[in-house]
> 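One structure follows; several queries about it will come next.
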4 protein chains.
Amino acid sequence: MAATAERSRRSDHNGDVTDDAPRRGRPRSAGADEAILTATLDVAREVGFRGMAMDVIAERAGVSKATIYRRWASKEALVLEALRRAINPLDAVDLGSVRDDLASYLRNLAERMASGNMADVLPHLIEWSVHDRQLREQLDDYVAHRRAPLVAILQRGIERGEVRADLDFDTMVDAFVGPFIYRKLLTGSPLDDAFVDDLLGLLLPTITP
Amino acid sequence: MAATAERSRRSDHNGDVTDDAPRRGRPRSAGADEAILTATLDVAREVGFRGMAMDVIAERAGVSKATIYRRWASKEALVLEALRRAINPLDAVDLGSVRDDLASYLRNLAERMASGNMADVLPHLIEWSVHDRQLREQLDDYVAHRRAPLVAILQRGIERGEVRADLDFDTMVDAFVGPFIYRKLLTGSPLDDAFVDDLLGLLLPTITP
Amino acid sequence: MAATAERSRRSDHNGDVTDDAPRRGRPRSAGADEAILTATLDVAREVGFRGMAMDVIAERAGVSKATIYRRWASKEALVLEALRRAINPLDAVDLGSVRDDLASYLRNLAERMASGNMADVLPHLIEWSVHDRQLREQLDDYVAHRRAPLVAILQRGIERGEVRADLDFDTMVDAFVGPFIYRKLLTGSPLDDAFVDDLLGLLLPTITP
Amino acid sequence: MAATAERSRRSDHNGDVTDDAPRRGRPRSAGADEAILTATLDVAREVGFRGMAMDVIAERAGVSKATIYRRWASKEALVLEALRRAINPLDAVDLGSVRDDLASYLRNLAERMASGNMADVLPHLIEWSVHDRQLREQLDDYVAHRRAPLVAILQRGIERGEVRADLDFDTMVDAFVGPFIYRKLLTGSPLDDAFVDDLLGLLLPTITP
DNA sequence: GATTAACCGAGACGGTACGTCACGTCTTTAA
DNA sequence: TTAAAGACGTGACGTACCGTCTCGGTTAATC
């Protein structure tokens with residue numbers, strides 16, 4: 001009973017694959033979710049997450065405010081999902097050598113950070129996560145997810161004997177990714193291929209035996 | 001230049017040494033600035049910068065809202081200055097060797113980042129700077145200022161022959177500081193002495209000849 | 001013409017009989033207008049139109065301030081309508097003779113002016129109308145409306161041969177109504193039956209052939 | 001002691017002929033009273049008594065707000081005096097016949113009411129007097145003072161045998177003055193010589209034997 | 001085919017905070 | 001001591017956005 005009310009009251013955005021109850025009544029408008037999330041990101045980019053008004057999002061999405069609140073419990077929840085959509089994980093290819101793998105991964109990372117959804121959204125994500133435990137956890141998940149390919153690269157490097165086995169994985173990953181975050185968020189220095197090369201030049205000798 | 005008009009209209013919070021105009025009329029209440037800024041940070045810590053109400057700050061500071069708006073042009077401007085006050089730069093000592101200097105500097109940095117004003121405030125600063133050019137510039141200034149001691153350490157190291165002269169300063173600094181920022185803002189991993197030691201162990205060999 | 005846009009933006013307080021547009025969205029709260037106007041007059045009577053605070057009216061009416069401003073464009077507009085409601089026109093009966101008709105009308109007028117809504121409100125109405133063209137016009141309308149029955153009485157008198165046909169209607173009406181206004185607003189002399197009789201005694205002979 | 005404090009604290013606008021105490025310190029600025037009162041009326045005429053700001057008056061008078069409040073206890077007190085200055089009584093001449101005297105008096109009254117200080121100020125005076133007993137009394141005084149010449153005219157008329165002796169003075173005066181007030185404040189009809197003639201034509205026969 | 005239940009848009013609702021403005025007072029320096 | 005200048009606490013203003021709540025109308029699955 002409670003579950004039904006719960007479900008009917010609020011969003012289904014939890015990857016339920018099969019909700020076989022046929023759901024009487026008019027089904028939810030098909031493209032609305034997409035339109036709302038898109039509008040959310042658009043508005044956020046224009047006026048910042050601060051200054052972002054639900055009425056504006058609703059109008060932009062061609063949707064009523066009630067429709068939004070039928071699907072997300074709060075402005076935070078909506079923004080959260082919009083952010084999650086905005087950033088999708090990197091995946092790493094196996095090019096045969098640590099150097100090439102790292103170069104590929106870091107170039108990819110640099111490119112994404114330089115502009116695009118993640119670039120626009122990351123600062124807001126971070127700020128929000130300070131006072132929102134739920135977002136903090138999702139952000140942690142995301143970060144872990146993003147670290148995974150890098151860990152895999154290093155793992156393969158160790159197996160191939162290209163990387164020293166006595167180093168802490170976390171510290172290594174931090175050493176590679178940290179400078180990107182730092183430049184992006186604080187120094188504003190360019191995130192280009194030259195930087196990737198410099199960084200690789202600096203760090204690669206360290207991790208090779 | 002624009003700043004002059006700005007200053008005469010609103011606050012004098014720019015460390016001007018000599019304003020020799022006789023300043024007619026009742027002078028601004030002495031401790032008010034301090035009280036307001038303190039109240040701002042207090043309230044921000046309690047309820048977040050979001051959820052922070054000007055009326056509450058005013059009451060807390062024992063001051064009227066009008067007095068606040070006489071000194072700062074907006075809520076943003078007030079928070080901005082409160083944030084700037086909350087973080088003051090690190091300075092580096094000369095302990096005789098690059099290793100010791102770096103260790104000292106990074107431990108200091110780790111300590112500050114782990115908790116305290118800067119820790120609380122940095123995420124907000126970053127987020128805000130996305131849509132506020134003025135804050136962005138102030139943040140850049142601050143960052144540059146904070147990088148200075150690290151550059152000095154490396155410079156001394158080169159002069160002593162402890163550090164390779166063929167490396168890019170910026171990249172080196174990024175490699176040292178980036179991981180701290182990354183951990184603080186995204187991974188949430190601890191910023192302790194062990195991490196400092198790991199990082200130094202990883203990076204020091206790279207920069208020594 | 002401008003009035004149409006005006007009306008669609010703000011209140012419908014103009015007695016439109018047929019607004020056939022289907023009126024989408026949640027309809028305006030039914031009794032709110034009444035509650036707000038009543039509260040307005042109540043508060044005004046207690047603390048004067050000066051000293052009257054919108055928040056107080058809102059609270060008294062059990063309504064939010066936004067609801068008030070959704071229906072009236074300003075404090076002035078609200079008060080204006082409250083005032084208009086406070087005074088409703090006299091109507092005249094036909095008692096068969098000019099003397100009786102006039103006596104009835106003037107006694108009615110005297111009674112209303114002596115106390116009640118109109119008495120409380122007229123001074124404010126007048127003052128406000130000096131700098132508010134819109135109110136000035138509404139006041140003119142109201143005045144014209146109030147003069148109508150008196151004109152009708154005199155008209156009937158002429159038809160019956162009880163009243164001279166060579167006199168200016170306006171001047172006659174002014175001569176009858178003016179003394180009431182004068183006493184009410186400036187001299188503070190009583191508006192009682194004796195005064196009505198005196199005035200009739202003075203003026204009736206003049207207008208009869 | 002109390003008297004001294006009283007005097008030094010607040011205004012001297014009570015016709016003190018000789019204040020022989022030498023009054024240490026800087027003397028009060030000479031033309032300030034005049035300048036302030038003039039500015040008050042000017043501003044009032046421009047934006048209404050509502051909307052009239054003390055700061056504006058001060059600036060207009062070339063005077064500080066403190067100076068105003070040193071001389072008048074409140075905004076009301078200042079306006080009150082400004083109003084009193086704005087209206088000065090009519091006086092009637094003796095032209096030999098009631099008809100001529102009345103015509104002269106009423107033409108004078110019409111002229112004053114049509115425009116000028118009294119015309120601008122009367123509505124405000126009336127409104128204010130509703131909630132201000134002191135002003136109400138001053139207004140009554142003024143009204144009585146203005147009625148006096150009219151009473152004198154009628155008195156002379158009775159003595160000459162031009163006016164019936166059995167009529168109530170007050171009612172007669174009301175019948176003559178009331179229509180002016182009514183037109184001025186409510187109908188907005190013109191106050192010209194034609195109106196004076198009409199009114200005289202209507203009322204004179206009534207009061208003659 | 002009628003019923004019914006959940007949806008939809010529009011938009012009004014009670015709140016809460018905003019930044020502004022005017023009041024009357026207070027506190028400086030200058031005359 | 002009074003003046004001009006201008007900052008002060010107070011408190012109302014009118015606006016904006018929140019998240020909720022009707023409305024009249026659609027759109028399926030169920031009866």
Side-chain angles (χ1 to χ4, degrees), chain A residues 8-9 21-30 32 51-59 61-76, chain B residues 22-30 32 51-59 62-75, chain C residues 22-30 32 51-59 61-75, chain D residues 8 22-29 32 51-59 61-76:
Chain A
S8 74
R9 196 169 54 78
R23 308 279 252 116
R24 306 222 319 173
R26 175 173 173 174
R28 287 197 175 159
S29 181
M52 184 185 71
M54 293 301 266
D55 299 75
V56 174
I57 295 176
E59 193 189 16
V63 140
S64 82
K65 235 180 358 168
T67 297
I68 299 181
Y69 280 101
R70 210 173 287 116
R71 292 159 192 244
W72 291 273
S74 67
K75 190 182 180 184
E76 276 74 21
Chain B
R23 308 284 280 111
R24 311 231 297 174
R26 174 173 175 175
R28 291 205 171 151
S29 189
M52 185 185 70
M54 293 302 266
D55 298 76
V56 174
I57 294 176
E59 192 188 14
V63 139
S64 79
K65 219 169 30 157
T67 295
I68 299 182
Y69 280 101
R70 212 173 284 118
R71 293 161 190 243
W72 291 274
S74 67
K75 189 181 181 183
Chain C
R23 308 283 282 112
R24 312 231 292 174
R26 175 173 174 175
R28 292 208 170 149
S29 188
M52 184 186 71
M54 293 302 265
D55 298 77
V56 174
I57 294 176
E59 194 189 14
V63 139
S64 82
K65 222 171 23 160
T67 295
I68 299 182
Y69 281 101
R70 212 173 284 117
R71 292 162 190 242
W72 291 274
S74 66
K75 189 182 181 181
Chain D
S8 74
R23 309 280 246 118
R24 307 217 317 171
R26 175 170 172 174
R28 286 195 174 165
S29 178
M52 184 186 70
M54 293 300 266
D55 299 75
V56 174
I57 294 176
E59 193 188 15
V63 139
S64 84
K65 236 180 356 167
T67 297
I68 299 182
Y69 280 101
R70 209 173 287 117
R71 292 161 192 242
W72 290 273
S74 66
K75 188 182 181 182
E76 277 75 19

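Because the structure is a prediction, the values reported are computed rather than measured. Reminder, nothing fancy here: chain letters follow the sequence lines and each chain counts from 1.
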> OP1 or OP2 of dC23(E) less than 4.0 angstrom from a side-chain nitrogen or oxygen of K75(D), does that happen here?
yes

> Is it the case that the base of dC8(E) and the side chain of R26(A) share a donor-acceptor contact (distance under 3.5 Å, atom types as modelled)?
no

> Check K75(C) against M52(C) and note the closest heavy-atom contact, atom names and distance.
NZ-O, 2.7 Å

> Taking only Watson-Crick and G-U wobble pairs with both distances under 3.5 Å, what dot-bracket line describes DNA chain E, where [ ] shows pairs that cross earlier ones and | shows pairs with another strand?
|||||||||||||||||||||||||||||||

> Select base, sugar-phosphate, or nothing to describe what G62(B) touches, counting heavy atoms under 4.0 Å on all strands.
sugar-phosphate

> Could you work out, with side chain to side chain donor-acceptor pair (under 3.5 Å) as the rule, every residue matching S64(C), not counting sequence neighbours?
T67(C)

> Check every strand shown and say whether A66(C) touches a base, only sugar-phosphate, or nothing at a heavy-atom separation below 4.0 Å.
base

> In whole angstroms, how far is the P atom of dG9(E) from the CZ atom of R28(A)?
12 Å

> Separation of D55(A) atom CG from dG9(E) atom P, in whole Å?
14 Å

> Think R71(B) has a side-chain N or O under 4.0 angstrom from the OP1 or OP2 of dC8(F)?
yes

> Can you measure E59(A) atom CD to dG9(E) atom P for me and round it to whole angstrom units?
13 Å

> In terms of the nearest nucleotide of DNA chain F, which residue is placed more toward the 5' end: P27(A) or T67(B)?
T67(B)

> On DNA chain E, nearest-nucleotide positions of S29(A) versus V56(B): which is more 5'?
S29(A)

> What is the distance, to the nearest angstrom, from the CD1 atom on I68(D) to the C1' atom on dG6(F)?
14 Å

> What is the nucleic acid contact for K65(D), judged by heavy atoms within less than 4.0 Å: base, sugar-phosphate only, or nothing?
base

> Could you check which of dT25(E), dG9(F), dA10(E) has an atom nearest any side-chain atom of Y69(D)?
dT25(E)

> Considering residues at least two apart in sequence or located in another chain, which fulfil the side-chain contact (heavy atoms from CB on, under 4.5 Å) criterion with A53(B)?
V56(B)

> Is the backbone N or O of R71(B) less than 3.5 Å from a side-chain atom of R28(B), with the two atoms forming a donor-acceptor pair by type?
no

> Using side-chain contact (heavy atoms from CB on, under 4.5 Å) as the criterion, list what pairs up with E76(A), not counting sequence neighbours.
S74(A), W128(A), D132(A)

> Output all residues satisfying salt bridge (charged side-chain N to carboxylate O under 4.0 Å, His left out) with K65(D), sequence neighbours left out; order by chain, then residue number.
D55(D)

> For dC13(E), take OP1 and OP2 only and decide whether either is under 4.0 Å from a side-chain N or O of R70(C).
yes

> I want to confirm an ordering. Mapping E76(D) and G25(C) to their closest nucleotides on DNA chain E, which one lands closer to the 5' end?
G25(C)

> Pick the closest DNA chain F nucleotide for V63(B) and for M54(A) by heavy atoms, then say which residue is nearer the 5' end.
V63(B)

> Could you pull out the closest heavy-atom pair between A32(B) and V63(B), with the gap in Å?
CB-CG2, 4.3 Å

